[in-house]
Amino acid sequence: MYKVALFNKIPKESQNMLSENKYILVNEQISEVDGIVMRSMDIHDMKFSRQLKAIARSGAGTNNIPVERCAEEGIVVFNSPGANANAVCELTFLGLLISSRKIVDSINWTKNLKQDVAVTVEKGKSQFVGPEIKGKTLGVIGLGNVGHLVANLGVKLGMEVIGYDPYISVKNALSLSWDVQYSDSLDELYKRADYITIHVPLNDETRNYIHKDNIKLMKDGVKLLNFARDGLVNDNDILEALESGKVSYFVSDLPNERLVGAKNVVCIPHLGGSTPEAENNCAEMAVSQLTEYLEHGNIRNSVNFPECTMDRYPNTKRIVVLNKNIPNMISTLTSVLAKYNINIIGMVNKSQGNFACNIIDVNGEFTEEQVREMEDFPGILRVMLIN
Ligand SMILES: NC(=O)c1ccc[n+]([C@@H]2O[C@H](COP(=O)([O-])OP(=O)(O)OC[C@H]3O[C@@H](n4cnc5c(N)ncnc54)[C@H](O)[C@@H]3O)[C@@H](O)[C@H]2O)c1
Ligand SMILES: O=C(O)CC[C@@H](O)C(=O)O
């Protein structure tokens, strides 16, 4: 039996994928669990037990998880790339229209009308006039699963779209409309865009991505959207730019104390991925990746270990080894197997950055004691035996 902890709200349909005869589900418990399925809860300060083998993030961003520490502890972290991208794309366009047509202010104004509503509406509506988005220029920073959909939809809605992403994947580049102007100059994007939307992960490279120096380059009255992460846009600098009118509107799906209630800021309570479709897609993907790893050792969509899968050879035991990407690891593994006269039937080794994974199908009696012996070698992070 595997014990899996659920953090945050995970849809029942996905919980049901964890069959009762193989899985025990517990809520927000960290001790002695084999896996965790979670969403946005911050677990940086948590201590993990040696039993924890994998964390599956139902969603895209993993900045709430200590991904590097997990790798060092032999814990595979998965995410659900693309599974909520359409939901975020749709809400981003709502944000775009909100920023253009003063929708939120106008709704709030209308809510307070008590009498002569039709007359007052016609008299007062001119204060909420705002431009159409057709024909305007949209700058999209980050052309990943969300960003490339946003760029393509902008084109469909008649916008000129400039996209910037120095690390764009081949898959997303191929899915990008020919009409999206791909730029390798952020400055050009800042100078030309009437609307700028950011869709990059939060990490040490991207923190404070938008700050006073690049805001200076933007058009006067530019509208800015953040449906990615708090921390990408420098709070002080954006609030100053809103005050001066340099930025006319800021729509954020990631509110914080500084932004809530600030002038010309519209905050949405992190609803980008909050549709039943996206929640189900993400949780289904997270759960199936977790079970595939715990039961078969296959790694798909991990953010700290390489993609590593192998079809199971019949009548074998499977050994899964996570190790540092350093010399002599394979010879170490095979020497332990040779010592116990274990025959390798199939093997795959993949590395990425500082970490690597091996899947080895063997015949012969490989035991938990021998697993521990393998695990004791420097550089070996975890060994899992799957019968
Ligand atoms: N509001 C929400 O509910 C919600 C939902 C999904 C994702 N997100 C956030 O949005 C981010 C993007 O989501 P996604 O699904 O498109 O992720 P993704 O990983 O598919 O795409 C991220 C893109 O950013 C690019 N990138 C990385 N560093 C960059 C840089 N310095 N400059 C420009 N581009 C850079 C990458 O090459 C990649 O193409 C996630 O990391 C997550 O934090 C928020
Ligand atoms: O879990 C959520 O509700 C939001 C997820 C979203 O921020 C993501 O990074 O995919």
Side-chain angles (χ1 to χ4, degrees), residues 6-11 14 36-43 55-65 67 77-95 139-153 162-176 180 182-190 196-211 214 225-233 251-256 267-283 285-286 301-303:
L6 305 176
F7 289 12
N8 312 112
K9 197 169 146 261
I10 304 297
S14 305
I36 293 174
V37 183
M38 60 175 292
R39 287 176 60 173
S40 298
M41 183 166 158
D42 195 313
I43 60 167
I55 298 175
R57 160 69 157 114
S58 176
T62 49
N63 58 301
N64 52 328
I65 301 170
V67 170
V77 180
F78 300 94
N79 73 344
S80 337
N84 57 15
N86 186 64
V88 185
C89 173
E90 287 185 6
L91 203 69
T92 302
F93 273 86
L94 177 73
V140 184
I141 302 173
L143 296 165
N145 288 300
V146 176
H148 91 276
L149 291 183
V150 169
N152 289 353
L153 187 54
I162 313 173
Y164 173 83
D165 186 337
Y167 316 112
I168 189 170
S169 70
V170 173
K171 181 172 155 275
N172 288 327
L174 289 173
S175 312
L176 205 58
V180 173
Y182 182 82
S183 174
D184 48 20
S185 158
L186 252 184
D187 287 4
E188 187 202 350
L189 184 152
Y190 290 137
I196 297 175
T197 182
I198 184 160
H199 300 282
V200 303
L202 177 68
N203 54 40
D204 291 343
E205 184 192 343
T206 61
R207 199 176 303 281
N208 288 319
Y209 204 106
I210 308 253
H211 51 81
N214 47 37
L225 313 175
N226 180 6
F227 282 77
R229 277 294 177 271
D230 187 27
L232 292 172
V233 179
V251 182
S252 174
D253 193 28
L254 297 310
N256 63 34
C267 290
I268 299 171
H270 198 183
L271 292 181
S274 293
T275 65
E277 295 87 344
E279 289 183 347
N280 286 332
N281 286 345
C282 286
M285 202 166 176
N301 291 327
S302 167
V303 292

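Values below: all heavy atoms of this structure, side chains included; hydrogens, waters and symmetry mates excluded. Owing to the predicted nature of the structure, the values given are computational and were not obtained by experimental measurement. One-based numbering, in listed order, for ligands and for the atoms of each.
- When non-hydrogen atoms are compared, ligand 1 lies under 4.0 Å from the backbone of Tyr167 as well as from its side chain.
- Only the side chain of Thr206 comes within contact range of ligand 1, with a heavy atom under 4.0 Å; no backbone atom does.
- Using a 4.0 Å cut-off to heavy atoms of Arg229, the atoms of ligand 2 that qualify are 6 (C), 7 (O), 8 (C), 9 (O).
- In terms of polar-atom proximity, defined here as any N/O pair under 3.5 Å, Tyr209 does make such a contact with ligand 1.
- Using a 4.0 Å cut-off between heavy atoms, Arg57 contacts ligand 2 through its side chain alone, with no backbone atom that close.
- Counting only non-hydrogen atoms, the option in Gly272, Pro201, Gly147, Gly273 that gets closest to atom 27 (C) of ligand 1 is Pro201.
- Remark: minimum distance from atom 3 (O) of ligand 2 to any protein heavy atom is reached at Arg39 NH2, 2.6 Å.
- Considering backbone and side-chain N/O atoms, Tyr164 never comes within less than 3.5 Å of an N/O atom of ligand 1.
- When each atom of ligand 2 is checked for a heavy atom of Ser40 under 4.0 Å away, the hits are 1 (O), 2 (C), 4 (C).
- At least one N/O-N/O distance between Glu205 and ligand 1 falls below 3.5 Å.
- With a 4.0 Å heavy-atom cut-off, ligand 1 is reached by no atom of Asn172.
- Selection from Arg229, Arg39, His199, Lys171 by nearest heavy atom to atom 42 (C) of ligand 1 gives Arg229.
- At a 4.0 Å heavy-atom cut-off, ligand 2 does not touch Met41 at all.
- Distances from atom 36 (C) of ligand 1 to the heavy atoms of Asp165, Leu149, Asn79, Leu186 put Asp165 nearest.
- When only interatomic distances are considered, the shortest N/O to N/O separation between Pro166 and ligand 1 does not fall below 3.5 Å.
- Here's the thing with Ser274: none of its N/O atoms is less than 3.5 angstrom from an N/O atom of ligand 2.
- Within a 6.0 Å radius of CG in Asp42, other residues, nucleotides and ligands contribute more than 12 heavy atoms.
- Heavy-atom distances between Glu279 and ligand 2 stay at or above 4.0 Å for every pair.
- In terms of N/O distances under 3.5 Å, ligand 1 is approached by Phe227.
- Neither the backbone nor the side chain of Asn8 has a heavy atom within less than 4.0 Å of ligand 2.
- Shown in contact with His270 at under 4.0 Å from a heavy atom are these atoms of ligand 2, numbered in order with element: 4 (C), 6 (C), 7 (O).
- Counting the atoms of ligand 2 from 1 in the order shown, those under 4.0 Å from a heavy atom of Gly61 are 8 (C), 9 (O), 10 (O).
- Residue Gly59 approaches ligand 2 through these ligand atoms, each under 4.0 Å from one of its heavy atoms: 10 (O).
- In terms of N/O distances under 3.5 Å, ligand 2 is approached by Ala60.
- In terms of polar-atom proximity, defined here as any N/O pair under 3.5 Å, Val146 does make such a contact with ligand 1.
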